[in-house]
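Okay, structure first, notes after.
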Number of protein chains: 2
Amino acid sequence: MYTISETAAKLGMSAHTLRYYEKEGIISPQRNEAGVREFDEQHILWLQFVKKMRETQMPVTQIKEYTKLFQEGEHTAGDRLKLLEEHQQYIKSQIETLKATDDMLTKKVAAYKEAMKGVLN
Amino acid sequence: MYTISETAAKLGMSAHTLRYYEKEGIISPQRNEAGVREFDEQHILWLQFVKKMRETQMPVTQIKEYTKLFQEGEHTAGDRLKLLEEHQQYIKSQIETLKATDDMLTKKVAAYKEAMKGVLN
DNA sequence: ATTTGACTTAGAGTTCTCTCTAAGGTCTAC
DNA sequence: GTAGACCTTAGAGAGAACTCTAAGTCAAAT
């Protein structure tokens, strides 16, 4: 069992963010007698998944939607699958965009270096 | 010469956004006698570059900084190069993040499909 | 001549995702 | 038993990047 700040540290996010996610229904940790949140390994795994989705620009609303479907049970598997596949499509196209810009920048950087030759040496 | 809405259409962004970029000093179109903005091919090229930077998550503040350096003249080439190289580094690491999540999703999607076999057929 | 539709401005409003504040409760160590 | 470091809440604040509004000007078309 981990407190909110241990969990936050483990995940590299802030306790504030975890409370925010809870308010949004993305995570639902148990509480002890004193009302203090208790996160377990399952929560950590789920949050690692959430983090990956956020790092790849999935909006919080979509993560909420996915979470809600999850809680509704097995019959929502098809909808969840659709969400995941759509996000994967987004990721693939974002990779292409990044690669194209990477190539463009490589050329631009080379041009800069060429132009600066006299200055640098 | 293009009006703001022609330019916006050409670039796939809104006229609002172009005015916002102008306010931020990222673009400085000429004005005609009536005060109407006039964009030329150079502006289009510059905006295409700006768009690529935005699509790859370069913050508007950094684009402003790059623009400012540009206007200050040739002696800022080194600083501009540094900005571009840093952004390229960001792009490369973002590509890695996306690839890793893509792989993770591929597995997850496969697991979903496996679990849903009976339901689908 | 008036309508249509484009343009202008300054500034307000929106959305997203946190991030922080204030006021207070609880646990552990000394 | 009190200091310090945790935790709690509701709700406000922040920053980024637009996005829109209101009030008005202007030129071309009918």
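Order of the sequence lines fixes the chain letters, A, B, ..., with proteins taken first and strands second; residue numbering starts at 1 for each chain.
- At whole-Å resolution of the value, NE2 in B/His16 and P in D/dA22 are 12 Å apart.
- Residues satisfying the side chain to side chain donor-acceptor pair (under 3.5 Å) criterion with B/Glu6, sequence neighbours excluded, are absent altogether.
- In this structure, the CE atom of A/Met13 is 13 Å from the P atom of C/dT17, given to the nearest Å.
- Side-chain atoms of B/Thr56 and B/His87 include a donor-acceptor pair closer than 3.5 Å.
- Between B/Met1 atom CE and C/dC7 atom C1' there is a gap of 17 Å when expressed in whole angstrom units.
- The closest side-chain donor-acceptor pair between B/Glu22 and B/Ser28, if any, does not fall under 3.5 angstrom.
- Whole-Å rounding puts the A/Glu24 CD to C/dT19 C1' distance at 14 Å.
- Sorted by first then second residue, the side chain to side chain donor-acceptor pair (under 3.5 Å) pairs that include residues 60-70 of chain A, not counting sequence neighbours, are A/Glu24-A/Lys64, A/Tyr66-B/Tyr112.
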Q: Please step through side-chain contact (heavy atoms from CB on, under 4.5 Å) for the pair A/Gln57 and A/Tyr90, ending with a clear verdict.
A: CA-CA 9 Å; A/Gln57 287 82 59; A/Tyr90 164 81; 3.4 Å; yes
Q | B/S/- contact track for nucleotides 2-18 of chain D, protein heavy atom under 4.0 Å | A | ----SSBB-------BB
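- We find that CZ of B/Phe39 is positioned 12 Å from C1' of C/dC7, with the value rounded to whole Å.
- Nucleotide D/dC26 holds its C1' atom 10 Å from the CG atom of B/Asn32, rounded to whole Å.
- Under the 3.5 Å distance criterion, the side-chain polar atoms of B/Thr76 are left unmatched by any main-chain donor or acceptor of B/Glu72.
- One atom, CD of B/Glu33, and another, P of C/dC7, lie 15 Å apart when rounded to the nearest Å.
- Rounding to whole angstrom units, CD of residue A/Gln62 and C1' of C/dT17 are separated by 15 Å.
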